[in-house]
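Step one of this worksheet: look at the structure below.
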There are 2 protein chains.
Amino acid sequence: MIQLSDATAAAIAERFKALGEPMRLRLLQALRTGECSVGDLARRVGGGQANVSKHLQVLQAQGYVDRRKEGTTSWYRITDPQVFTMCELVCGGLEEELDRKRKLLRRRR
Amino acid sequence: MIQLSDATAAAIAERFKALGEPMRLRLLQALRTGECSVGDLARRVGGGQANVSKHLQVLQAQGYVDRRKEGTTSWYRITDPQVFTMCELVCGGLEEELDRKRKLLRRRR
DNA sequence: TTCTTATATTACCATATAGTTGAATAGTAT
DNA sequence: ATACTATTCAACTATATGGTAATATAAGAA
């Protein structure tokens, strides 16, 4: 992390916030296998089409995905594969956190 | 990323969401040099005491920081240094994103 | 005891956002 | 032309959350 001016802190936070939503994480995972249309994604992750479209725009605004239009359909794809590195890191942290909580529970018995 | 059941997607999202807030990022950075009290942090990052306290609890709930009480003061410290790896990753993404936007602007002239 | 000091908690307000509905836009086919 | 499909946009509701103020709790000092 750098010095963190107000502007950079806000920019970094926006990038994290875009990943702080279950459906957006599912969309990213669905896109992991390759380019998908909005309709495909809505069917695969389960959700209204308009809602999926909105979430995809959030991901695009942060540069995680990119869009390509072909006729009436929009094809979205991952542009920043490092997002998965981040997910793996946060998953690792999750497991440690679960371990920590389990130990706390054991101590309290 | 794994299969992403509803529960795991929600848990991962919570972890990202905790980092999706400018003040929490500043708190983490302030803690990078070592253990700090709530009052110290409030002075260093600039913010009300109650607000800082609340944000620290969010970070603690996600296991990013831990607390140690000594008299009336609470000492917080980083428990998961990998959070900084994540920040570096997201910063890298930020720069790429800025580059991308700069190129788009250039193309439009 | 009373008076600080440090932190946490509660209640409240204002804003942000996820989700839905319906309309608008645009392409394609008949 | 109409009809159908795919997506986006706009408006709305409900909920979540950041910030603040006041209070509560707790520890130490005078």
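Lettering of chains follows the sequences in order, A, B, ..., and the numbering in each one begins at 1.
Tested against Tyr76(B) for a side chain to side chain contact (heavy atoms under 4.5 Å, CB included), the candidates Asp66(B), Val38(B), Leu28(B) yield a single pass: Val38(B). Under the side-chain hydrogen bond (donor to acceptor under 3.5 Å, both in side chains) rule, His55(B) has a single partner from Arg24(B), Arg26(B), Gln60(B), which is Arg24(B).
The pair Arg68(A)-Glu35(A) meets the salt-bridge criterion, since a charged nitrogen lies less than 4.0 angstrom from a carboxylate oxygen.
Comparing dT7(C), dT20(D), dT21(C) by their closest approach to the side chain of Ala50(A) singles out dT21(C). Distance from the side chain of Val38(A) is smallest to dT8(D) among dT8(D), dA6(C), dT5(D). If you check dT8(D), dT7(C), dT20(C) against the side chain of Lys54(A), the one that comes closest is dT20(C). Nearest to the side-chain atoms of Arg67(B) among the listed nucleotides dA26(C), dA8(C), dA18(C) stands dA8(C). In the set dG18(D), dT17(C), dT7(D), the nucleotide with an atom closest to the side chain of Lys17(A) is dT17(C).
In this structure, Asp40(A) atom CG and dT5(D) atom P are separated by 16 Å, rounded to whole Å. Protein atom CG of Leu59(A) is 14 Å distant from nucleotide atom P of dT17(C), rounded to whole Å. Note: CD (Gln60(B)) to C1' (dT9(C)) measures 15 Å, nearest angstrom. At whole-Å resolution of the value, CZ in Arg68(B) and C1' in dT7(C) are 15 Å apart. Whole-Å rounding puts the Leu56(B) CG to dT9(C) P distance at 12 Å. When rounded to the nearest whole Å, the span between CG of Leu19(A) and C1' of dT17(C) equals 16 Å. In this structure, Lys69(A) atom NZ and dG27(C) atom P are separated by 8 Å, rounded to whole Å.
Heavy-atom nearest nucleotides on DNA chain C were determined for Trp75(B) and for Glu70(A), and the one closer to the 5' end corresponds to Trp75(B). Nearest-nucleotide positions on DNA chain D place Ser53(A) closer to the 5' end than the other of Asn51(B) and Ser53(A). The nearest heavy atom of DNA chain C to His55(A) and to Gln57(B) marks one nucleotide each, and the one closer to the 5' end goes with Gln57(B).
Contact between the side-chain N/O atoms of Ser37(A) and the OP1/OP2 oxygens of dA6(D) is not found at any separation under 4.0 Å. One finds a side-chain N or O of Tyr76(A) lying less than 4.0 angstrom from the OP1 or OP2 phosphate oxygen of dT8(D). A sub-4.0 Å separation between OP1 or OP2 of dT8(D) and a side-chain N or O of Ser74(A) is present.
Remark: the backbone N or O of Gln62(B) is paired with a side-chain donor or acceptor of Arg15(B) at under 3.5 angstrom.
Side-chain heavy atoms closer than 4.5 Å link hydrophobic residues (I, L, V, M, F, W, Y) into clusters, and following such links, even through other members, never connects Val58(A) to Phe84(A).
Judged by distance alone, with hydrogens and angles left aside, Gln49(B) brings no side-chain donor or acceptor close enough to the base of dA6(C) to form a pair under 3.5 Å.
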